[in-house]
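One structure below.
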Amino acid sequence: MLDKITQIVNDYTSNQELDITEQTTFADLALDSLDTVELLMKIEEEFSVRIEMSEDIKSVGDLIKIIESAQ
Amino acid sequence: MSLKIVGTGKGIPARSVTNQELSDFLDTSDEWIVSRTGIKSRNICSHETLSDLSAAAARQALEKSHLLANEIDLIICSTIEGDFRTPSLACCLSHDLGTMCPAFDVNAGCTGFIYALEVASSFLAAKKANNILIVCAEMMSTHMDWTDRNTCVLFGDGAAACVVTNGNALKYLDLSVTANPAVLNIPSGTGNNPFVSKPRENGFVNMRGQDVFKFAVGAVETGLKQALHALNVSTEQIDLFLLHQANKRIVDSIRTKLQQPEEKFPINIERYGNLSSASIPLLLFELLEENKIKSGDTLFMSAFGAGLTTGNCVMVWE
């Protein structure tokens, strides 16, 4: 799942060089709050899940947990 | 069901407030506001009333329609709150214009213009009116906490009007509500009622920005799909997308998803901020003034707002 999310993030940021781990935060990726929403919407489409917006989603690891629980 | 718009007008307060001015008393900056919203300035009422703005917009729309005020037989104002809780803004406007026809307000948040069009369409179809004046007017500055940098930078004050009459321009109109008052609201107070257990003051705009963004992008996309399906046309056949000007990032996100060129998505939010229900008719007014809409053009108008309300319509300009 991390590979797939990495690909989505790389596509969104147009940066193929990002070294993304579960500890990577959206702040590390220089994504503001609206970038984060757009990214989550792309992830919803890709994984066919619905993600409720929450301030608790701060890192890629947080996102993976939410996707896994929604699937 | 159909109508056409025969004249438009605007009423904008004189005082323009730049991002730089806001950064004088808020922890913000021009770069922060522009990068997150696309807004560079907005107009704020310093001495004008909402009735003043509405009357200015209405008179211009009447003039462009070649109609006199006494030829209007229905006035619909869209506003979240006029100069008074009661009487309605439409009644105040009727007083200014000297009309005797029915007049009332609709409140559908930022979607109010599309709701007003639907009401107008119904009155025309029922032959209850021939010339209808729609005025969308909002004074968001009175509903904002001017110490909250996340919301007060977003909105502006202003009014826009149009006169509608029988015609065949309106091809499709759809309204809906996905009820979720918590996402975007402005609380009412309880006054000085001595029997209230938990007194409440009039509140300011509460907005969960990420939720609104997500809702807006999804609502416009869904609304467009439904409209295209109903009319059996393609996205490419839409000449202009007139979206509620809530945030340039919302417009950009929708345009990117639809893979459409930038020139099909006109914006004016950089000069006005979010004018709630007045945003689409003001955009329409400006495009007409600039001769950017011609007869036969297909326009998709889409709005979303507190409720959460949505409204979409398609017009082939006459």
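Chain naming here is simple, since letters A, B, ... match the order of the sequence lines and numbering starts at 1 in each.
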Please say whether more than 12 non-hydrogen atoms of neighbouring residues, nucleotides or ligands are located less than 6.0 Å from [atom1] in [X].
X	atom1	value
B:E201	CD	no
B:E262	CD	no
B:D24	CG	yes
A:K4	NZ	yes
B:K264	NZ	yes
B:Q259	CD	no

Chain B heavy atoms under 4.5 Å from A:E55: which part of the residue, side chain, backbone, both or neither?
neither

Whether the A:S33 and B:Q210 side chains hold a donor-acceptor pair (N or O, under 3.5 Å, no angle test) is what I'd like checked.
no

Could you tell me whether B:K214 and A:E44 make a salt bridge, using a distance below 4.0 angstrom between a side-chain N and a carboxylate O?
yes

Rounded to the nearest 0.5 Å, what separation is found between the CG atom of A:D32 and the CZ atom of B:R249?
4.0 Å

Scanning both residues in full, the closest heavy-atom pair of B:V217 with A:M41 reads CG1-CE, 3.5 Å

With a 4.5 Å heavy-atom cut-off, do A:L34 and B:N247 have their side chains touching?
yes

side-chain contact (heavy atoms from CB on, under 4.5 Å) evaluation trace for A:M53 with B:F213
CA-CA 10 Å; A:M53 299 311 304; B:F213 186 100; over 6 Å; no

Report the C-alpha distance between A:K42 and B:K257 in whole Å, list the side-chain angles of each, state the deciding distance to 0.1 Å, and finish with yes or no for side-chain contact (heavy atoms from CB on, under 4.5 Å).
CA-CA 10 Å; A:K42 288 181 187 301; B:K257 285 189 93 167; 5.6 Å; no

Measure B:R208 against the heavy atoms of chain A and call it side chain, backbone, both or neither at under 4.5 Å.
neither

